[in-house]
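Computed from a predicted model, the values in this text were never measured in an experiment.
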Amino acid sequence: MTRPIALTIAGSDSSGGAGIQADLKAFGAFKVYGASVLTALTAQNTRGVHAIHPVPAAFVAAQLSAVLDDLDVGAIKIGMLAQAPIIKGIAEGLRDKAKAPIVLDPVMVATSGDVLIDEAAIAALQSDLLFQAHLITPNLPEAARLLTTDPATSTDEMVSQAEALRDRHNTNVLLKGGHSAWGEDVVDVLAKRDGRTVQFTSVRLGTTHTHGTGCTLSAAIAAGLAHGKPLDASVADAKRYLFAALEAGQRLRVGGGKGPVDHLIDWTPDA
């Protein structure tokens with residue numbers, strides 16, 4: 001059988017709940033074969049990030065070239081990019097060889113609050129890579145940092161910020177509302193290149209088992225794109241998958257901090 005292939009370019013989470021490990025689990029849940037390019041190793045658990053060891057930029061580029069030279073990659077998810085040279089190398093490699101849609105999660109701060117990227121890397125992200133993405137998926141603090149403003153405090157402000165990022169970087173933008181402090185529901189705003197804005201609403205779950213949610217959502221969207229689904233449908237499926245994984249994650253007993261979602265749920269995407 002022919003199985004879609006998705007590639008994740010991200011950091012490793014030694015506790016298994018986020019990063020490369022979360023991405024590969026999410027790919028598997030969508031029946032997508034997962035390949036990986038590691039950008040950093042982290043000493044990490046559910047309580048926080050204890051150390052980060054960036055992979056040398058040349059070796060990151062070598063991994064990327066090896067995968068794209070051989071595998072028929074149907075979608076690419078990009079997560080943690082620790083340093084500017086890594087970003088520039090990935091940007092160059094993708095310009096030369098990648099034809100698949102790119103879902104870029106601009107990971108800047110871990111759920112634990114640990115900073116994962118420096119100012120030089122943020123500048124390189126904006127100048128060299130964001131414009132290559134088919135979709136970027138910032139949360140509220142990340143969108144504010146990219147726009148050099150304060151985080152949105154209402155859905156209307158979310159729409160304005162999502163559209164501002166779309167126009168600045170000429171890409172589709174899914175602004176995630178999980179960090180919002182208003183309303184009983186969580187709203188994510190999709191600002192599309194075609195000018196349409198779509199809102200996705202889900203019930204806010206009162207759970208602390210949220211480790212890896214951003215990684216999981218972006219990987220799930222990439223998996224849908226690898227199957228050839230349209231962006232709207234890929235986002236809708238990914239949202240349903242993440243909600244189910246969050247619900248199931250409340251029953252996991254992994255770690256003593258902010259535990260992970262349960263990626264291994266039995267579920268079926270919409271036809």
Side-chain angles (χ1 to χ4, degrees), residues 6 8 10-36 38-52 77 79-80 103 105 107-116 137-142 174 176-181 184-188 200-224 226 234-270:
T8 169
S12 169
D13 171 9
S14 51
S15 71
I20 288 280
Q21 289 84 349
D23 295 344
L24 294 176
K25 291 173 189 175
F27 290 167
F30 279 76
K31 304 297 189 293
V32 169
Y33 179 89
S36 62
L38 266 69
T39 61
L41 308 178
T42 68
Q44 182 176 176
N45 56 29
T46 62
R47 292 190 175 97
V49 179
H50 300 278
I52 299 174
K77 176 265 169 83
M80 178 186 174
V103 177
D105 184 17
V107 178
M108 297 179 185
V109 181
T111 303
S112 59
D114 296 283
V115 176
L116 301 175
T137 62
N139 59 31
L140 298 183
E142 290 162 349
L174 180 68
K176 301 174 294 189
H179 287 74
S180 64
E184 296 181 359
D185 296 330
V186 174
V187 178
D188 293 350
F200 298 86
T201 302
S202 57
V203 175
R204 188 185 300 274
L205 291 174
T207 177
T208 59
H209 295 272
T210 57
H211 184 59
T213 50
C215 304
T216 301
L217 181 66
S218 55
I221 295 170
S234 296
V235 172
D237 277 348
K239 288 280 294 175
R240 290 198 307 109
Y241 169 69
L242 179 59
F243 185 84
L246 277 163
E247 279 193 315
Q250 297 176 95
R251 298 184 290 275
L252 284 179
R253 298 290 183 269
V254 177
K258 292 184 175 180
V261 304
D262 187 354
H263 297 91
L264 305 181
I265 54 172
D266 185 16
W267 89 293
T268 303
D270 285 340

If you measure from [atom1] on [X] to [atom2] on [Y], what distance do you get to the nearest 0.5 Å?
{"X": "K176", "Y": "T137", "atom1": "NZ", "atom2": "OG1", "result": "4.0 Å"}
{"X": "K31", "Y": "T268", "atom1": "NZ", "atom2": "OG1", "result": "7.0 Å"}
{"X": "K25", "Y": "I20", "atom1": "NZ", "atom2": "CD1", "result": "12.5 Å"}
{"X": "T42", "Y": "M80", "atom1": "OG1", "atom2": "CE", "result": "6.5 Å"}
{"X": "L205", "Y": "E247", "atom1": "CG", "atom2": "CD", "result": "5.5 Å"}
{"X": "H209", "Y": "K258", "atom1": "NE2", "atom2": "NZ", "result": "11.5 Å"}

Any donor-acceptor pair under 3.5 Å from [X] side chain to [Y] backbone:
{"X": "K77", "Y": "A10", "result": "no"}
{"X": "Q21", "Y": "D13", "result": "yes"}
{"X": "T46", "Y": "G259", "result": "no"}
{"X": "S14", "Y": "Q44", "result": "yes"}
{"X": "D188", "Y": "G177", "result": "yes"}

If I compare all heavy atoms of [X] with all of [Y], which pair ends up nearest, and what's the gap?
{"X": "A22", "Y": "C215", "result": "CB-CB, 4.3 Å"}
{"X": "S218", "Y": "D105", "result": "OG-CB, 3.7 Å"}
{"X": "G34", "Y": "F27", "result": "CA-CD1, 3.6 Å"}
{"X": "A238", "Y": "I221", "result": "CB-CG1, 3.5 Å"}
{"X": "T39", "Y": "G11", "result": "OG1-N, 3.4 Å"}
{"X": "G17", "Y": "H263", "result": "O-CE1, 3.6 Å"}

*Return the set of residues passing salt bridge (charged side-chain N to carboxylate O under 4.0 Å, His left out) with D237 (not counting sequence neighbours), or none when no residue passes.*
K229, R240
_Taking atom CZ as the centre, does F200 end up with more than 12 heavy-atom neighbours from other residues, nucleotides or ligands that are less than 6.0 angstrom away?_
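More than 12 within 6.0 Å, yes.
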*Please list, chain by chain and in numerical order, all residues satisfying ring pair (Phe, Tyr, Trp, His ring centres under 6.0 Å) with F30, sequence neighbours excluded.*
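With sequence neighbours excluded, F30 shows a ring pair (Phe, Tyr, Trp, His ring centres under 6.0 Å) to Y241, W267, given in chain and number order.
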*asked:* Between V203 and D185, is there a side-chain heavy-atom distance shorter than 4.5 Å?
replied: yes
